[in-house]
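As the structure is a computational prediction, the values presented were derived from the model and not from experiment. When reading the values below, keep in mind they use all heavy atoms of this one structure, side chains included, and skip hydrogens, waters and symmetry mates. All residue numbers refer to positions in the sequence shown, counting from 1. In each ligand, atom 1 is the first atom listed, and ligand 1 is the first ligand listed.
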Amino acid sequence: MRTPSKVKTLALFASGTGSNVRCIHAHFSPDPDVEIGILVCNRPDAAVVSFARDQNIPVRLMTREDLHDPSRLIADLQAAKVDLVILAGFLWKIPGEMVAVFPDRILNIHPALLPRYGGKGMYGKHVHEAVIAAGETESGITIHLVNDHYDEGAILFQARCPVHPDDTPEQLAERIHQLEHQHYPNIIEHYLSSIS
Ligand code: GAR
């Protein structure tokens, strides 16, 4: 007899538009074994907050107090029985206390080929501006585990795309977003299947 599989619960952390959140939501919606238990956002007016509310995903707004003392945020994640935390365009650094409570259970997506173009201040269009300014002919995405250091956790996956000589940061961002949407949900699914 097949034992029923345990439902796995994701927490999604996002700060802005949330195109990755939408893709992850669309990918897992048909899957009865995976649920999005909570969306955490640091900007009450972000488009991703409206999306989550429309989808009946509980929203937890994160404040600067949570950064300094994340104990209540951690308790909220535990109350939601979160198995895996997914950073999808989340622009604050995850507090060390939270990394300690969720070891190897926090994934991030970065819009460049780490270890280059990562670290503090390297997010969103700043990354693409730096890549173009350096004359790179190639960029890409990195999906990695989160540790105590910005963008330095173990790399799970990378994919590449060209940078054209006349690219604007917006054009490169669009190409990177396509890669993210194509790969992030699949990598999450694969990682979920590897954890108990
Ligand atoms: C994505 O490109 C993601 O890689 C990046 O923010 C964007 C969010 O887009 N994250 C970082 O720069 C983290 N350092 P989205 O809100 O449309 O998903």
Side-chain angles (χ1 to χ4, degrees), residues 10-29 36 38-55 57 59-62 67 84-96 98-99 106-134 136 138-163 167-189 191:
L10 303 178
L12 303 184
F13 279 52
S15 296
T17 315
S19 69
N20 279 285
V21 163
R22 287 164 206 257
C23 281
I24 294 163
H25 176 264
H27 181 88
F28 287 108
S29 284
I36 298 171
I38 187 166
L39 175 105
V40 177
C41 183
N42 58 313
R43 282 187 37 217
D45 60 343
V48 71
V49 170
S50 318
F51 171 77
R53 293 205 166 115
D54 287 348
Q55 303 299 326
I57 300 169
V59 173
R60 166 63 154 86
L61 294 174
M62 183 171 171
L67 275 181
L84 191 62
V85 175
I86 303 296
L87 310 186
F90 187 68
L91 303 184
W92 281 359
K93 188 168 187 293
I94 294 298
M98 201 180 123
V99 177
I106 308 177
L107 266 56
N108 183 41
I109 191 159
H110 186 78
L113 296 170
L114 293 175
R116 305 189 66 203
Y117 303 104
K120 197 166 175 5
M122 276 293 173
Y123 59 86
K125 78 173 184 150
H126 302 292
V127 178
H128 308 309
E129 285 168 353
V131 167
I132 290 170
E136 300 285 357
E138 190 177 60
S139 189
I141 63 168
T142 303
I143 297 169
H144 64 97
L145 295 173
V146 171
N147 66 12
D148 280 338
H149 306 281
Y150 253 124
D151 299 329
E152 288 183 18
I155 291 175
L156 300 176
F157 176 84
Q158 290 186 309
R160 292 161 191 274
C161 65
V163 180
D167 262 346
T168 63
E170 291 74 21
Q171 287 169 321
L172 180 54
E174 171 61 26
R175 207 170 298 128
I176 293 285
H177 264 121
Q178 285 175 14
L179 274 186
E180 294 182 334
H181 301 163
Q182 182 185 349
H183 293 293
Y184 204 14
N186 291 323
I187 298 297
I188 294 166
E189 183 178 340
Y191 194 77

Suppose I only count heavy atoms of Met122 and a 4.0 Å limit; which atoms of ligand 1 are within that range?
14 (N)
If I take atom CG from residue Asn108 and atom CZ from residue Phe90, how far apart are they, to the nearest 0.5 angstrom?
10.5 Å
Is Ile176 close enough to touch ligand 1? Criterion: a residue heavy atom under 4.0 Å from a ligand atom.
no
On a heavy-atom basis, I'd like to know which of Gly18, Gly16, Ala112 is closest to atom 16 (O) of ligand 1.
Gly18
min-distance protein heavy atom vs atom 12 (O) of ligand 1 -> Gly124 N, 2.9 Å
Taking distance alone, with no angle check, do Val127 and ligand 1 share an N/O pair under 3.5 Å?
no
Consider ligand 1: state whether an atom of it lies below 4.0 angstrom from any non-hydrogen atom of Ala14.
no
Has ligand 1 got any nitrogen or oxygen that is less than 3.5 angstrom from a nitrogen or oxygen of His177?
yes
His126 and Tyr123 aromatic ring geometry - parallel, tilted or perpendicular at 30°/60° bounds
perpendicular
Which of the atoms of ligand 1 are close to Gly89, meaning less than 4.0 Å from one of its heavy atoms?
6 (O), 8 (C), 10 (N)
Please identify which of these residues, Arg160, Arg116, Arg175, meets the salt bridge (Lys or Arg N to Asp or Glu O under 4.0 Å) condition with Glu138.
Arg160
Contact check: Asn20 vs ligand 1, nitrogen or oxygen atoms, below 3.5 angstrom:
yes
May I ask you to identify, for Glu180, whether its side chain, its backbone, both or neither come under 4.0 Å of ligand 1 on a heavy-atom basis?
side chain
Would Phe90 count as a polar contact of ligand 1, with the cut-off being nitrogen or oxygen pairs under 3.5 Å?
no
Heavy atoms only: which of Gly119, Gly121, Ser19, Cys23 lies closest to atom 15 (P) of ligand 1?
Ser19
